[in-house]
Each structure stands twice: as structure tokens, then as C-alpha cells.
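To start, the structure itself, in C-alpha cells.
Atom set for the values below is all heavy atoms of this structure, side chains included, hydrogens, waters and symmetry mates excluded.
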Amino acid sequence: MKATGCMFDFSGTVFRIEPCGNWLRGTLEAAGIDAPDDEIAHWAVQLERSGAQPGGTPTAWQPETADPDWARRDLSAELHRRAYTARSRAIGLPWDVHDLLYDRHMAPAAWQPYPDAAEVLAELRARGVRVAVVSNIGWDPRPVFAAHGLGHLVDAFVLSFEVGRQKPDPAIFLAACETLGLSPRETVMVGDDRRADGGAAVLGCPVHFVDHLPADRRPDGLRGVLDLLV
């Protein structure tokens, strides 16, 4: 049986955050801070390795002091900001731009849709497939979709900080299916995180994984989902 609904993760699936060096450089420029290229490059690597950039390359790095906020960071806007700014502070970043970095990552201009995102979402809409974005996140990505012309192609957003549940908890996927008016077996989950997004399989949802890569290195990772849908 072909599915008639589709859930998409946000970061690393439909959109990718700007490169970490651009993120840091743009923040410093906005703050009026002049720093040499080699220094920016050095600290961008440290930020990336530490996982301080939301939506950036996944990392297993842990600060020396255990961070009690990290595991539940996606349950509220306050926890999300606190967890990520704690990571930039933990590496000894020489500029006090932690909140500015966090603010920049929420700007639509900081995100780029994957090359096939518009094509796939438009094709799903043409087929009458209902679409939800299901994300572990501490802020509202709806303006990102709208700014890139994709907002009208999404029927619902089910966000961890709004519903109080985070992937892989089956409850967040079930909430999305109910919002779409479909059963889990009728609804494909598309994501880049085998553990978090794979939680949908517990409910019987078909799952399609994509690689969390820079946008220019993954031109057609989403197209495979079309074969799973009506």
C-alpha cells in the first residue's frame, strides 16, 4: 500500500544551516567586530566540533562539565537557547557574541533548502499528499519555509517545543499523523537522524533516511520518497 501522507524533519532534511564559518563571520560583522580570517576559521572549527551551531554537523563532543540542559534542549525555547549558548561559551570563544550567534541561526537567510526540496514538496502537493514538518527544535521554523517560498506546501508543523515531546518519542509522530488525519501506516517519515527520526517506525510508519550533508553535496536525497507515496 502506498502512503498518502508525509512527515519531514526540518534541519538536515529539508533545509541546511549556513556553513559555520559564514555563521561566525556574519555575526561578528553585524556586531562591528573586525577579526582576521585565520582567527575566524579557527573558532569556526571549534564551534562546529562542539555542536554549538544549531542545525550544524552532528557531533559526539561533550563539554567537560555535564550539561543537564542538553538532552532536553528541544522542549522549550529557553532550554534551547541556554543549551546552545552554553556550548559556545564552553570552548572559550574570545568574543561575547553567544546570544548573537544564536539569534542569527534563526534568521531565514541563514538557511538554504536542499536543491530538490521545492520540487519534491510541490510534487507531493500535486499528488494530494498531506505534509507535516516534525522537528526537534526550540524555535519556530515557519518563517524559514515562508521566506524560501515553501510555506504553502506544508499542511502542519509539529514542533517539539510547542507540543512538549521530542523525537524519538512516538507521541510526537502520532500527533503529526492525527493532525494530518492519517494513520501511521499511511504516513512516511523522512529524516536524517537514524535514532530520532527512526522512532516513527515504532508506530508502523515507513521511514526514508537522507544524509545530513551540506546542501550542495546532496542534490537529490529527497526524491526517493516519491516512490513510497501515491
Side-chain angles (χ1 to χ4, degrees), residues 1-23 48 53-59 104-137 139-160 167-168 172-173 176-177 179-180 182 184-201 205-230:
M1 180 183 72
K2 295 275 189 176
T4 56
C6 196
M7 300 179 285
F8 287 92
D9 174 50
F10 164 54
S11 173
T13 300
V14 180
F15 282 87
R16 174 65 189 247
I17 191 73
E18 65 185 334
C20 202
N22 294 1
W23 181 54
E48 187 167 37
Q53 184 187 33
T57 303
T59 177
R104 180 180 174 90
H105 104 273
M106 296 186 289
W111 294 88
Q112 180 181 358
Y114 280 91
D116 56 345
E119 170 195 338
V120 169
L121 289 174
E123 176 62 21
L124 294 179
R125 177 53 55 96
R127 295 185 189 185
V129 173
R130 292 182 59 76
V131 170
V133 169
V134 182
S135 179
N136 282 354
I137 197 167
W139 53 279
D140 185 0
R142 293 176 182 89
V144 176
F145 279 79
H148 290 274
L150 302 181
H152 68 290
L153 299 174
V154 178
D155 297 293
F157 286 82
V158 180
L159 311 175
S160 60
K167 300 178 289 186
I172 192 170
F173 303 109
C177 291
T179 299
L180 295 178
L182 299 169
R185 292 189 180 278
E186 296 176 289
T187 313
V188 176
M189 176 64 207
V190 185
D192 66 295
D193 189 315
R194 267 60 178 173
R195 177 179 176 272
D197 299 312
C205 296
V207 180
H208 177 77
F209 290 115
V210 295
D211 294 323
H212 188 123
L213 293 170
D216 61 356
R217 290 175 52 197
R218 207 195 75 198
D220 56 3
L222 294 171
R223 290 189 184 129
V225 74
L226 296 176
D227 296 332
L228 304 175
L229 295 149
V230 295

Worksheet item: Does Glu48 have any side-chain contact (heavy atoms from CB on, under 4.5 Å) partners at least two apart in sequence or in another chain, and if so, which?
Response: Cys20, Thr57
Item to complete: Please name the pair of heavy atoms, one in Thr187 and one in Met7, separated by the smallest distance, quoted to 0.1 Å.
Response: CG2-CG, 3.7 Å
Worksheet item: Which residue pairs pass the salt bridge (Lys or Arg N to Asp or Glu O under 4.0 Å) test when at least one of the two sits in residues 208-222, sequence neighbours left out?
Response: none
Discussion item. Ignoring hydrogens, what is the shortest heavy-atom contact between Pro206 and Pro184? Give both atom names and the distance.
Written reply: CD-O, 3.9 Å
Response to the item:
To the nearest 0.5 Å, atom CD1 of Ile17 lies from atom CH2 of Trp23 at 8.0 Å
Fill in: Minimum-distance pair of heavy atoms, taken over all atoms of Cys177 and Cys205
SG-SG, 4.3 Å
Item to complete: Mind telling me whether Phe10 and Phe145 have parallel, tilted or perpendicular rings, with 30° and 60° as the class edges?
Response: tilted
Item to complete: Could you verify whether a donor N or O on one side chain and an acceptor N or O on the other, from Trp139 and His105, lie under 3.5 Å apart?
Response: yes
Fill in: side-chain contact (heavy atoms from CB on, under 4.5 Å) partners of Leu153, counting only residues at least two apart
Leu121, Ala122, Arg125, Leu150
Item to complete: Look only at the side chain of Asp9 and the backbone of Ser135, and say whether a donor-acceptor pair between them is shorter than 3.5 Å.
Response: no
Discussion item. Using the ring-ring contact (aromatic ring centres under 6.0 Å, His included) criterion, which residues pair with His148? Sequence neighbours excluded.
Written reply: Phe15
Worksheet item: Would you say Arg130's side chain and Leu180's backbone share a donor-acceptor pair under 3.5 angstrom?
Response: yes
Worksheet, complete the sentence: For Arg104, the side chain to side chain donor-acceptor pair (under 3.5 Å) test, sequence neighbours excluded, returns Glu18
Worksheet entry | Partners meeting side chain to side chain donor-acceptor pair (under 3.5 Å) with Ser160 (sequence neighbours left out) | none
Worksheet entry | Main-chain N/O of Ser11 paired to Arg16 side chain as donor or acceptor, under 3.5 Å | no
Worksheet entry | salt bridge (Lys or Arg N to Asp or Glu O under 4.0 Å) pairs, two or more places apart, involving residues 140-149 | Asp140-Arg142, Arg142-Glu162
Worksheet item: Listed by chain and number, what are the side-chain contact (heavy atoms from CB on, under 4.5 Å) partners of Asp193, not counting sequence neighbours?
Response: Arg195, Ala196, Asp197
Worksheet item: Under a 4.5 Å cut-off applied to non-hydrogen side-chain atoms, are Val134 and Phe8 in contact?
Response: no
Discussion item. Working to the nearest 0.5 angstrom, can you tell me the gap between Trp111 CH2 and Met106 CE?
Written reply: 11.0 Å
Practice prompt. Step by step, work out the side-chain contact (heavy atoms from CB on, under 4.5 Å) result for Cys6 and Val190.
Written response: CA-CA 7 Å; Cys6 196; Val190 185; 3.6 Å; yes
Item to complete: Specify the closest pair of heavy atoms between Pro108 and Ala147, including all atoms of both residues, with the distance to one decimal.
Response: CB-CB, 3.5 Å
Side-chain donor-acceptor pairs under 3.5 Å in residues 221-230, sequence neighbours left out?
{"from": "Arg223", "atom 1": "NE", "to": "Glu119", "atom 2": "OE1", "distance (Å)": "3.0"}
{"from": "Arg223", "atom 1": "NE", "to": "Glu119", "atom 2": "OE2", "distance (Å)": "3.1"}
{"from": "Arg223", "atom 1": "NH2", "to": "Glu119", "atom 2": "OE1", "distance (Å)": "2.8"}

Fill in: Gap separating the OH atom of Tyr114 from the CG atom of Asp116, nearest 0.5 angstrom
10.0 Å
